[in-house]
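Data block below; observations after.
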Amino acid sequence: MNPLLHEIRHKPMLWLLAFVPVVLVAEHVAPERHTLLFVISVLAIVPLAGLLSHATESVAAKTGDTVGGLLNATLGNLTELVIALAALRAGEYALVKASLAGAIVTNTLFMLGASFLLGGLKYHAQEYNRVSARLQAGLLFLATVAMLIPSAVADADSVAGAAFTRSLSLGLALLLIVAYALGMLFSLKTHRELFASVESGGSAEAGEAPWPMGLALVTLAGVTVLVALVSEVFVESVQQAAVTFGMTPAFVGFIVVALVGGAAEMASAFSGARKNRLDLSVGIALGSASQIALFVAPVLVLLSYVIGPAPMDLQFWPGAVVMVLIATMTAALVTNSGRSAWFVGVLLLMVYTIFAMTLYLLPPRVA
Amino acid sequence: MNPLLHEIRHKPMLWLLAFVPVVLVAEHVAPERHTLLFVISVLAIVPLAGLLSHATESVAAKTGDTVGGLLNATLGNLTELVIALAALRAGEYALVKASLAGAIVTNTLFMLGASFLLGGLKYHAQEYNRVSARLQAGLLFLATVAMLIPSAVADADSVAGAAFTRSLSLGLALLLIVAYALGMLFSLKTHRELFASVESGGSAEAGEAPWPMGLALVTLAGVTVLVALVSEVFVESVQQAAVTFGMTPAFVGFIVVALVGGAAEMASAFSGARKNRLDLSVGIALGSASQIALFVAPVLVLLSYVIGPAPMDLQFWPGAVVMVLIATMTAALVTNSGRSAWFVGVLLLMVYTIFAMTLYLLPPRVA
Amino acid sequence: MNPLLHEIRHKPMLWLLAFVPVVLVAEHVAPERHTLLFVISVLAIVPLAGLLSHATESVAAKTGDTVGGLLNATLGNLTELVIALAALRAGEYALVKASLAGAIVTNTLFMLGASFLLGGLKYHAQEYNRVSARLQAGLLFLATVAMLIPSAVADADSVAGAAFTRSLSLGLALLLIVAYALGMLFSLKTHRELFASVESGGSAEAGEAPWPMGLALVTLAGVTVLVALVSEVFVESVQQAAVTFGMTPAFVGFIVVALVGGAAEMASAFSGARKNRLDLSVGIALGSASQIALFVAPVLVLLSYVIGPAPMDLQFWPGAVVMVLIATMTAALVTNSGRSAWFVGVLLLMVYTIFAMTLYLLPPRVA
């Protein structure tokens with residue numbers, strides 16, 4: 001039997017794929033029903049993200065460790081990238097930035113915290129490879145510094161204008177991509193023995209068999225196109241829908257978009273934690289956060305010169321910088337020991353709840 | 001012989017109890033002598049706090065580990081709570097907030113630092129259970145984030161008004177109390193084996209025998225009433241006295257009130273350090289700080305709806321937030337290794353001195 | 001053969017000494033050629049700093065551990081001190097402060113990072129005494145708090161005026177010097193056994209034989225005078241030259257002056273790393289940073305009352321405070337494990353590059 005059909009039949013989440021044609025039709029039939037379009041597009045993106053994730057891992061599993069690692073490292077957050085590209089093309093820079101910062105925060109606090117909690121409710125104490133967690137925390141720290149410095153300096157100095165911010169952002173974007181590439185060289189090549197138990201993971205092993213190469217590649221291409229189409233509906237409808245639901249734009253960008261874009265990875269991370277394979281969960285959560293910070297965000301800055309209405313810079317809303325900084329510090333402190341119990345998960349989730357609560361209550365007009 | 005009388009006779013500090021009637025009489029006779037009232041009320045609160053602390057521990061020792069832990073965890077900072085309630089009823093919100101932030105800073109820097117220094121002057125190197133220190137540091141970090149986020153976001157956003165701050169503070173207060181309760185569940189119930197050497201402590205064992213239950217309960221009730229009465233004189237006189245002594249209101253709230261309220265716990269912590277029982281000292285210092293941050297402060301926010309002239313929020317003076325953040329980070333870094341020598345104490349005391357010096361020199365008009 | 005001549009003959013860097021007379025003559029002949037004077041004075045300071053460093057270590061090696069440690073600890077950054085004194089006398093307080101903050105950042109990020117990278121390119125993994133690294137990181141943290149608090153509080157409070165900043169700076173300067181002295185007492189006297197492998201180092205042992213006492217003392221005195229003379233040319237020409245090279249004053253103070261002043265120490269640190277003696281490199285880099293923060297900077301504040309046109313305070317440009325804070329945190333996190341590989345060096349250098357890039361692009365008018 002076709003493995004794609006087999007997967008769809010046995011995973012209830014994938015039944016949501018039925019919403020993909022619905023959203024594309026609905027957009028032409030009722031383009032003004034923003035709230036409805038928002039709900040359907042969310043329901044359609046979640047299963048597509050799951051397929052995309054599985055297809056990427058299948059290709060990675062077939063191509064050997066180095067190429068596979070490379071593929072996972074570049075395509076692992078394809079959903080987030082495609083959604084952000086749709087927002088970029090629409091000129092919604094505030095939404096792009098909020099969703100980038102939100103994805104970093106959601107991955108380091110919510111995904112990691114829920115993994116620790118779910119694992120800790122089943123096992124008294126769990127261990128994981130802290131070398132890998134430290135590398136990711138170090139990369140995240142670097143990206144946080146890159147986000148922080150332009151804001152801190154521009155704040156301190158009213159003379160620093162838009163030209164300064166723009167050329168600095170370009171330089172920082174290139175620097176982050178180089179750091180990300182060197183980090184891969186380190187973990188996949190020169191010091192791979194340190195990262196052993198994580199490398200043997202990859203969510204493809206979390207109980208799912210990899211697909212044949214052809215199917216994986218076709219799925220990858222086809223689903224990417226579908227995600228792109230649905231993302232456009234999502235981006236167009238999300239702001240209007242937020243008003244209807246009484247949510248602030250900041251909350252939508254930070255929390256809703258991040259949870260929608262990361263739903264598939266969360267499923268893998270949580271399943272790993274319940275199987276006492278915490279290396280997998282920590283790897284997905286922090287790896288995904290550092291990928292967004294050091295690869296997706298800089299690539300979007302570079303692409304904004306090509307496809308956006310104007311260049312995008314890396315200067316974030318100060319509140320977002322503070323949240324990313326706290327999330328990074330929390331992850332660094334928490335993963336320092338390489339051990340976990342349920343309360344560690346609670347602490348991470350509590351910090352996330354503080355952020356979500358603040359953004360939810362924040363009066364509109366801020367992104 | 002009555003153990004209460006025995007204790008009073010053998011502890012010179014308790015002879016200060018003679019000032020309790022003096023302050024209550026003096027307030028009626030000379031209500032305008034603020035400086036005198038301030039000095040006498042300080043001298044009266046210190047021994048009362050000592051009795052309160054001993055009574056709480058005696059009740060806790062008789063009621064078994066879990067209930068006892070619970071009692072200690074809720075009544076351990078009863079003096080601070082009663083003083084803050086007096087200030088709350090008087091509508092002195094700036095003083096309440098300064099004394100809360102000051103108590104956190106004083107416990108994590110001064111009490112911990114002086115314990116390390118006093119222990120280190122006697123022993124070359126000392127060890128303590130770092131799992132417990134980490135839990136407390138984690139809880140403190142969470143509370144610091146809760147203090148930081150409203151200020152950071154409100155700063156960044158002039159639209160955010162008083163209504164936002166108030167409803168956010170209410171949500172944060174509830175969240176912190178839940179986190180504190182879960183932390184107790186973790187350390188007293190599900191993972192109590194990790195906290196072994198600390199749990200065997202409790203300052204009742206620092207050389208003092210617990211009282212019989214009846215005496216302890218009567219002392220607890222009676223002394224609480226006395227502390228409440230004296231605190232009112234203290235709160236009324238402290239601001240005026242500060243002017244006389246040339247101290248800024250910020251210095252009074254942060255340093256003087258915190259030292260007065262915490263005198264009894266400091267005696268226990270220092271005595272533990274001199275007996276090479278550093279687990280005890282670290283437990284008292286950090287445990288007390290996290291209790292104030294995650295229990296006393298949120299309870300005051302909730303009570304302000306009932307007894308205060310207006311609801312109190314959790315938005316602190318930015319300088320206070322910075323100090324609490326630094327104190328928490330310092331404690332987290334310092335207790336990371338589970339070992340100590342005299343210079344570690346010096347470092348903590350130096351950071352505290354920097355804060356005290358800044359607040360002392362700060363021109364008035366800031367709380 | 002005279003060891004001084006022998007050293008000059010065998011060290012190509014010392015051939016640059018020829019520029020010392022050139023710069024002194026050129027200043028009289030062509031005082032308006034700022035760019036030329038800047039280049040020659042840089043070329044002259046580098047070898048003088050090397051001689052000064054070797055002379056200090058030779059005296060230290062002959063005088064026993066404690067006195068030697070003391071000498072190294074006070075004269076180790078004599079070049080930086082003399083350059084800063086020249087700027088102080090010229091009233092260039094912004095340059096003094098920028099070069100102090102820049103030296104801290106350059107030592108903790110660039111010198112340490114390049115040592116890790118150079119060592120890591122030769123050895124798969126390296127270890128070093130993390131007790132020593134922690135002490136230095138703790139001292140640096142204290143100094144960072146002392147830099148941060150006046151700015152944070154003065155920011156938060158517009159009432160705080162110049163008098164407040166000045167008396168606070170004086171108090172902080174004295175406090176930092178006391179902390180530095182106590183840190184030496186701890187590492188050289190009471191707990192010296194913890195710092196063993198570092199103490200056995202000292203860059204004199206990095207392959208260089210110490211000079212006889214007489215020669216060392218004469219060199220120390222004579223070269224200090226020469227550095228003082230050349231520094232004056234350097235300080236006078238650097239701002240003008242910066243304009244010619246299109247560099248911002250912030251970049252010059254932070255990066256150029258720091259690299260010039262620290263060139264000799266860098267040579268020792270890098271050579272230690274290539275010989276797998278990372279204790280030496282970490283000791284030089286962090287020891288030098290904490291010496292500048294806790295000894296050189298406070299001494300300059302005190303000296304400004306004697307030789308400067310007006311008292312200098314410790315209130316730094318907010319951007320500088322943020323950079324020092326990040327550098328200190330990075331060093332604390334990175335040295336926590338006591339192990340290193342090439343990528344750790346890359347991370348440190350990347351953070352440094354972010355700072356350098358920001359300062360380079362920053363529009364003028366900020367120091």
Side-chain angles (χ1 to χ4, degrees), chain A residues 105 109 113 116-117 120-121 123-126 148 151 155 248-251 254 316-337 339-367, chain B residues 130-131 134-135 137-187 189-191 193-194 294 314 321 325 328-329 332-333 336-337:
Chain A
V105 167
L109 294 177
F116 283 165
L117 179 57
L121 291 177
Y123 302 94
H124 189 70
Q126 296 184 292
L148 179 69
S151 304
D155 255 30
T248 60
F251 184 81
F254 243 76
F316 284 77
W317 174 55
V321 175
V322 172
M323 290 186 192
V324 170
L325 182 64
I326 290 174
T328 304
M329 278 172 55
T330 310
L333 287 175
V334 152
T335 57
N336 198 23
S337 70
R339 260 171 299 158
S340 151
W342 67 266
F343 191 68
V344 180
V346 168
L347 271 182
L348 288 165
L349 290 173
M350 287 273 178
V351 176
Y352 189 68
T353 309
I354 293 178
F355 293 174
M357 206 186 266
T358 307
L359 293 168
Y360 188 81
L361 293 172
L362 197 65
R365 276 236 286 162
V366 189
Chain B
R130 68 180 193 170
V131 175
R134 272 198 186 164
L135 173 70
L139 287 170
L140 269 176
F141 182 77
L142 183 68
T144 310
V145 172
M147 274 179 74
L148 180 69
I149 284 297
S151 304
V153 167
D155 255 29
D157 176 16
S158 51
V159 184
F164 161 69
T165 305
R166 203 172 305 144
S167 45
L168 182 56
S169 296
L170 197 58
L172 292 174
L174 294 171
L175 182 138
L176 289 179
I177 291 175
V178 171
Y180 187 63
L182 290 173
M184 282 200 293
L185 180 67
F186 184 67
S187 63
K189 199 98 187 170
T190 71
H191 287 64
E193 80 284 356
L194 295 174
L294 287 97
L314 273 176
V321 175
L325 182 64
T328 304
M329 277 172 55
L333 287 175
N336 198 23
S337 69

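Keep in mind that this is a model prediction, so the values were computed, not measured. Throughout, protein chains are lettered first and strands after them, A, B, ... in sequence-line order, and every chain is numbered starting at 1.
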Hey, what do you get for [atom1] ([X]) to [atom2] ([Y]), rounding to the nearest 0.5 Å?
| X | Y | atom1 | atom2 | result |
| --- | --- | --- | --- | --- |
| A/Phe343 | B/Leu182 | CZ | CG | 6.0 Å |
| A/Ile326 | B/Leu325 | CD1 | CG | 8.0 Å |
| A/Met357 | B/Leu172 | CE | CG | 5.5 Å |
| A/Leu333 | B/Leu333 | CG | CG | 7.5 Å |
| B/Leu194 | A/His124 | CG | NE2 | 6.0 Å |
| B/Leu176 | A/Ile354 | CG | CD1 | 6.0 Å |

### Task
Could you look at B/Phe141 and say if it's the side chain, the backbone, both or neither that has a heavy atom under 4.5 Å from chain A?
side chain

### Most chain A-contacting option - heavy-atom pairs closer than 4.5 Å, from B/Ala332, B/Gly183, B/Ala137, B/Ala163
B/Gly183

### Message
Only pairs of heavy atoms separated by less than 4.5 Å count here; which of B/Thr144, B/Val178, B/Leu175, B/Asn336 has the most with chain A?
### Response
B/Leu175

### Query
For A/Val351, is it the side chain, the backbone, both, or neither that has a heavy atom closer than 4.5 Å to a heavy atom of chain B?
both

### Query
With only heavy atoms counted, which part of A/Tyr360 is less than 4.5 Å from chain B, the side chain, the backbone, both or neither?
neither

#### Entry: Residue pair B/Phe164 / A/Thr358: nearest heavy atoms and the distance that separates them
CE1-O, 3.6 Å

### Task
List the atom of A/Ala341, the atom of B/His191, and the distance in Å for their closest heavy-atom pair.
CB-NE2, 3.6 Å

### Query
For B/Val145 and A/Met350, what are the C-alpha separation, side-chain angles and deciding distance, and is it a side chain to side chain contact (heavy atoms under 4.5 Å, CB included)?
CA-CA 10 Å; B/Val145 172; A/Met350 287 273 178; over 6 Å; no

